[in-house]
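Beneath this line is the structure, given in structure tokens, with notes to follow.
The analysis underlying the following values was restricted to heavy atoms, covering all of them including side chains, and did not include hydrogens, waters or symmetry mates. Chain letters run A, B, ... following the sequence lines, proteins first and then strands; every chain starts at 1.
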Amino acid sequence: MIPAAFEYHTPSTIGEATALLAKLGDDAKVLSGGQSLIPLMKLRLASPAHLVDINGIPGLSGIREADGFLRIGALTRESELEESEVVRSRYPLLHDTSKVIADPLVRNLATVGGNLAHGDPANDHPATMLALGAEIVAVGPKGERRVPIASFFTGPFATSLRPDEILVEIRIPSPPARSGGAYLKLERKVGDFATAAVAAQVTIGANGACEHVGIGLTNVGLTPIKATKAEAALKGKAPDEAAIKRAAELAAEASEPSADLRGSVEYKKDLVRVLTARALRKAVERAGSRR
Amino acid sequence: MLVKLSVNGEKHEANVEPRLLLVHMIREVLRLTGTHIGCDTTHCGACTILVDGQPVKSCTMFAVQAQGKQLMTVEGLEQNGKLHPLQEGFMAEHGLQCGYCTPGMLMTSYAFLKKHPKPSEDDIRWAISGNLCRCTGYVNIVKAVQHAAAAISQGGA
């Protein structure tokens, strides 16, 4: 399959890239890892007249903890996330997620920034970042701004990024002691999108109650879903079976899946319930082991 | 657009349209037809090659993105007329039936064994999870990779 012709741009600074995007407007798309964009172009579901390849811009890649955040450069490959020691030891939810995105070959090119900027409700990072309370750093011709992840996804394949902005970094607040998370995904085969997946992040306080609860849902709605009612139901409570069961029911109610080859609406909603309970149990268990 | 890159240690350059996929440059411009096009939709991994040592699907990358990069294709495995232990392993363990997925399986396994010289069966199955064999000959493919790992650890390559 041959994509439509386009003009290829290779800016070497963010300023150059955003100036190009400002000039080209809707005719341009940013090329990061290309693992979603290129398949869409081959199917002619996307035919941008210009591609702005940001891979030659230095400083957009890397994972580090600084200023109370885990800071992930937008061009960081999923495979780097998967192999990162700080992610493995301190951000189990993110580590879980990095292992189930697409397949190992795709993860060598696919980027964390692209997974979010694409705005696909079937992608895995959106739910994870919603559960972790991340923020997006975007740079445009007028400078930098930070967008809380909860207001980033505005519709199917739509985000609050402006056409002349580039997502440059993702910041995840460093979790306090006694925090844990888990990502559980049911997929028909490696590389398929989730039938449904759930991201859960908890912090357990000294009194044994949940101080922080984050729950994100993948591929069960037109956008990634933050299950706020489920989070609120568990917050302030001890994460016992009754509380987890209640939160899982509320998460299922928050989901709005559509029926497809992966399953019926009823099946997917029930899957959200089951996966939420399992993810919360695993998150709580991991929080307990990290005092 | 002029693209300069190296394939299996040999320098190449070609004037290509930006929309030319890397796999088409390899097969149709450079005439290295060992790399296969299977699904053409980023699923099957038959087109896997190494770009700067990393296995990637060359149907999901534009040739212009490989500007200045070091590529390795299945043709680069054989050295001085001697097959790579992976190729020997695929022969000895019947790791191929129709052979269509084989170049991708070989390149993925090649990069994998460099990083994980003593893999478990689970590790191998994880590594090739982005490569599909429609003959479903995975058992022998795993054996072939184990065969190669053993040969390499005994100084085979």
Side-chain angles (χ1 to χ4, degrees), chain A residues 1-10 12 28-56 61 75 77-80 82-83 98-111 114 187-193, chain B residues 1-3 16-25 28 37-69 101 104-105 107-112 115-116 123-132 136 138:
Chain A
M1 291 178 293
I2 314 291
F6 59 85
E7 208 171 309
Y8 179 67
H9 306 268
T10 51
S12 50
K29 285 292 277 181
V30 171
L31 176 63
S32 176
Q35 301 301 286
S36 296
L37 180 59
I38 296 175
L40 285 180
M41 289 174 66
K42 289 170 71 177
L43 292 166
R44 304 264 177 141
L45 293 171
S47 303
H50 299 267
L51 277 191
V52 177
D53 184 347
I54 59 172
N55 287 278
S61 193
L75 277 184
R77 311 289 155 177
E78 300 294 356
S79 55
E80 293 173 62
E82 196 179 354
E83 287 165 11
S98 69
K99 288 191 294 189
V100 295
I101 290 170
D103 66 51
L105 302 168
V106 169
R107 293 199 289 271
N108 282 335
L109 285 177
T111 65
E187 55 184 4
R188 296 177 302 177
K189 57 172 267 298
V190 167
D192 191 20
F193 290 117
Chain B
M1 189 173 172
L2 186 67
V3 176
V16 304
E17 262 193 286
R19 64 170 162 174
L20 185 75
L21 294 163
L22 183 55
V23 71
H24 289 142
M25 174 163 177
E28 290 150 28
I37 301 173
C39 68
D40 205 9
T41 54
T42 328
H43 290 101
C44 80
C47 64
T48 303
I49 63 158
L50 307 193
V51 176
D52 288 346
Q54 294 269 33
V56 302
K57 295 178 176 177
S58 63
C59 79
T60 312
M61 186 169 169
F62 294 113
V64 290
Q65 290 179 275
Q67 185 74 267
K69 309 263 190 210
C101 70
M105 289 287 180
M107 298 318 290
T108 297
S109 307
Y110 177 85
F112 169 68
K115 257 188 178 169
H116 307 271
D123 293 339
I124 297 170
R125 287 183 177 272
W126 168 86
I128 61 168
S129 61
N131 295 81
L132 302 182
T136 69
Y138 296 105

**Report entry** Heavy-atom contact with chain B under 4.5 Å, split by part of Leu37(A)
**Finding:** neither

Report task. Go through the atoms of Ala127(B) and report whether side chain, backbone, both or neither lie under 4.5 Å from a heavy atom of chain A. Result -> backbone

Report task. Heavy atoms only: give me the nearest Thr60(B)-Leu109(A) pair and the separation to one decimal. Result -> O-CD1, 4.3 Å

Query raised in the report: Roughly how far, to the nearest 0.5 Å, is the OG1 atom of Thr42(B) from the CG atom of Leu40(A)?
Result: 9.5 Å

Query raised in the report: Which answer fits Thr48(B), side chain, backbone, both or neither, if we ask what part of it has an atom under 4.5 Å from a heavy atom of chain A?
Result: side chain

**Report entry** chain B contact via Arg107(A) - which portion, at a heavy-atom distance below 4.5 Å
**Finding:** side chain

Query raised in the report: Looking at Cys59(B), Gly104(B), Ala111(B), which one has more heavy-atom pairs under 4.5 Å with chain A than the rest?
Result: Cys59(B)

Query - Check: Asp103(A) and Lys57(B) side chains under 4.5 Å, non-hydrogen atoms - result: yes

Report summary line: Leu105(A) and Pro55(B) have their tightest heavy-atom pair at CD2-CB, 3.5 Å

Query raised in the report: Is there a donor-acceptor pair under 3.5 Å between the side chain of Asn108(A) and the backbone N or O of Val56(B)?
Result: no

Query raised in the report: What part of Ala102(A) lies closer than 4.5 angstrom to a heavy atom of chain B: side chain, backbone, both or neither?
Result: neither

Query raised in the report: With side chains defined as the heavy atoms from C-beta onward, is the minimum distance between Pro104(A) and Phe112(B) less than 4.5 Å?
Result: no

Report summary line: Ranked by heavy-atom pairs below 4.5 Å to chain A, first place among Leu132(B), Leu21(B), Thr41(B) goes to Leu21(B)

Query raised in the report: Just wondering, are more than 12 heavy atoms of other shown residues or ligands nearer than 6.0 Å to NZ in Lys42(A)?
Result: yes

Query raised in the report: Quick one: which of Gln67(B), Arg19(B), Gln65(B) gives a side chain to side chain contact (heavy atoms under 4.5 Å, CB included) with Tyr8(A)?
Result: Gln65(B)

Query raised in the report: How about Phe62(B) and Leu51(A): do any of their side-chain heavy atoms sit closer than 4.5 Å?
Result: yes

